[in-house]
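Labels below follow one simple rule: chain letters A, B, ... track the order of the sequence lines, proteins then strands, and each chain is numbered from 1.
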Number of protein chains: 2
Amino acid sequence: MQETLDDAAAVDDALSLPDHIASRIRTMAIKGELSPGQRLSEVRLAGDLGVSRNTLREAFRLLTRERLVHHQPNRGVFVAVPTMAAILDIYRVRRMIEVPALARAWHRHEAVSTMRACVVSSQAARDRHDWQGVGSANMGFHSAIVALADSPRLNGFYRQVAAELRLAFGLLDDPEQLHEPFIAQNAAILAAIDRGDCEAAAGILAVYLDHSERTVLTAFARIEHGAGPAPGL
Amino acid sequence: MQETLDDAAAVDDALSLPDHIASRIRTMAIKGELSPGQRLSEVRLAGDLGVSRNTLREAFRLLTRERLVHHQPNRGVFVAVPTMAAILDIYRVRRMIEVPALARAWHRHEAVSTMRACVVSSQAARDRHDWQGVGSANMGFHSAIVALADSPRLNGFYRQVAAELRLAFGLLDDPEQLHEPFIAQNAAILAAIDRGDCEAAAGILAVYLDHSERTVLTAFARIEHGAGPAPGL
DNA sequence: GTCCCCCGCATTGTTCAACAAAAAATATTT
DNA sequence: AAATATTTTTTGTTGAACAATGCGGGGGAC
């Protein structure tokens, strides 16, 4: 929310400037302020963000590696356009990571309290019709599931993939259809964990992922065929 | 100042210069030309590689994200020092990715021929006592296993993790102990795939990973306690 | 009118020089 | 010798500069 103040805004001391800039661009992309396929001019964006071209280029390299942005040599960088293949791949990865993490979880892991907090926060966000907030809380819930595995590398990888998925979400029109039905399921997963039945929790999660994937894919197919099938690239 | 540009497919026109520089540093780290914990001076390395500081910094950002290098703000970047925790995490990730990929493989996937080529190449390398080559072929074999899953994201993630593991390998003294016993097992995995028995292949792989992990961990423990644990970092 | 080539223009790719800020190293004082 | 002040080195970031590449437009040729 405070991103409108450019320079004097809250500066993350821990993060270096290029990381911070990358983070801002990531947020813009997730919030839908950048349309997929759009070209990101170096001079323009550098000016808008108040940094030099070199710094912006470092941020671009990060985002390219995260697949949030696509780099064509000597042509520039473009906001990634989500594909059906990408969505399928992302859900495959999610299944491969989340389900075993939940199935083999220790039911008193600290991440469980994060999960609980996310469930509460998603319900609150729903009550005030803040669908963006519901989405964030939902994503936080699933990040916490991955955190159950105690693997820094898996956590980092999942964060990337989740960001890419949220970019795809931005294309869809009705965000409530997307996340609302899953709040209850998240609570059910949490309840299963609480009573120590990780297998049941993993089962619910698997169903959740199937359901979510189908929802996203159908919505996406509707967009792809209905609305403009996008500029050539 | 183009010094020896021969080693292993040096010039990649498709890649941008920072990517290329990152790749060279990565190769140096894997080959053991960079010792873990060593500080990488920007001016010095930029001069050695014949690029500007800015370009080198872009490469550093890539490598930092890959965990091959560690960045301390206002202090510089250091070659990552492998930890026991890191090795444990890497093998956990490998198990999570490789075993399902193999178990659910289609036995006529194009990656199978890559696997075959790697087996042949590793045997040839062993015959000429080229342990570096054996290591490369072995890693190629396992990358091909991951490729069976047809997931670009998984492939990319695995490539990172594999590079990190090879950095850890560089610390160990006797490379033949590391890879030699596994050439035969790779061949066995391939044979199982060829006769369509993916479950058996996955079983051999799981045993392989346990065995490999134990070997690396014990060698690593010997190093850590025996040789100087030295740099306080 | 359509096609093609050539030329100018905008953008990216890369380097260099400069300076602020932080850390490390050194000298100075007590 | 310890603590502090000062110098030096290194990183962090910027701005300008220039080559190289891609894009679009205009002018001929048919």
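Using a 4.0 Å cut-off, some side-chain N or O of A:T55 falls inside it from OP1 or OP2 of D:dT14. Regarding contacts with the backbone of D:dG12, a side-chain N or O of B:H71 is found under 4.0 angstrom from either OP1 or OP2. Residue A:R57 places at least one side-chain N or O closer than 4.0 Å to OP1 or OP2 of C:dG13. Put simply, A:R75 has a side-chain N or O that comes within less than 4.0 Å of OP1 or OP2 on D:dC23.
Closest to the side chain of A:N54, from the set D:dT13, C:dT14, D:dT11, is C:dT14. Distance from the side chain of B:S41 is smallest to D:dT11 among C:dT14, D:dT11, D:dT14.
In this structure, the side chains of B:V93 and B:Y158 stay at 4.5 Å or more apart for every pair of heavy atoms. The closest side-chain heavy-atom distance from B:L165 to B:M139 is below 4.5 Å.
Using a 4.0 Å heavy-atom distance criterion, B:R39 is classed as a sugar-phosphate-only contact.
When the P atom of D:dT21 is taken as reference, atom CG of A:N74 falls 7 Å away, rounded to whole Å. Separating the CD atom of A:Q72 from the C1' atom of D:dC23 is a distance of 14 Å, rounded to the nearest angstrom. Rounding to whole angstrom units, CD of residue A:E42 and P of D:dT14 are separated by 14 Å.
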(message) Does A:F78 form a ring-ring contact (aromatic ring centres under 6.0 Å, His included) with A:H71? I'd like the steps, not just the answer.
(response) CA-CA 6 Å; A:F78 303 78; A:H71 174 76; 9.1 Å; no
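Residue B:R53 places a side-chain atom within donor-acceptor reach of the base of D:dG12, judged by atom type and a 3.5 Å distance cut-off alone.
No side-chain N or O of A:T55 forms a donor-acceptor pair with one of A:E58 less than 3.5 Å apart.
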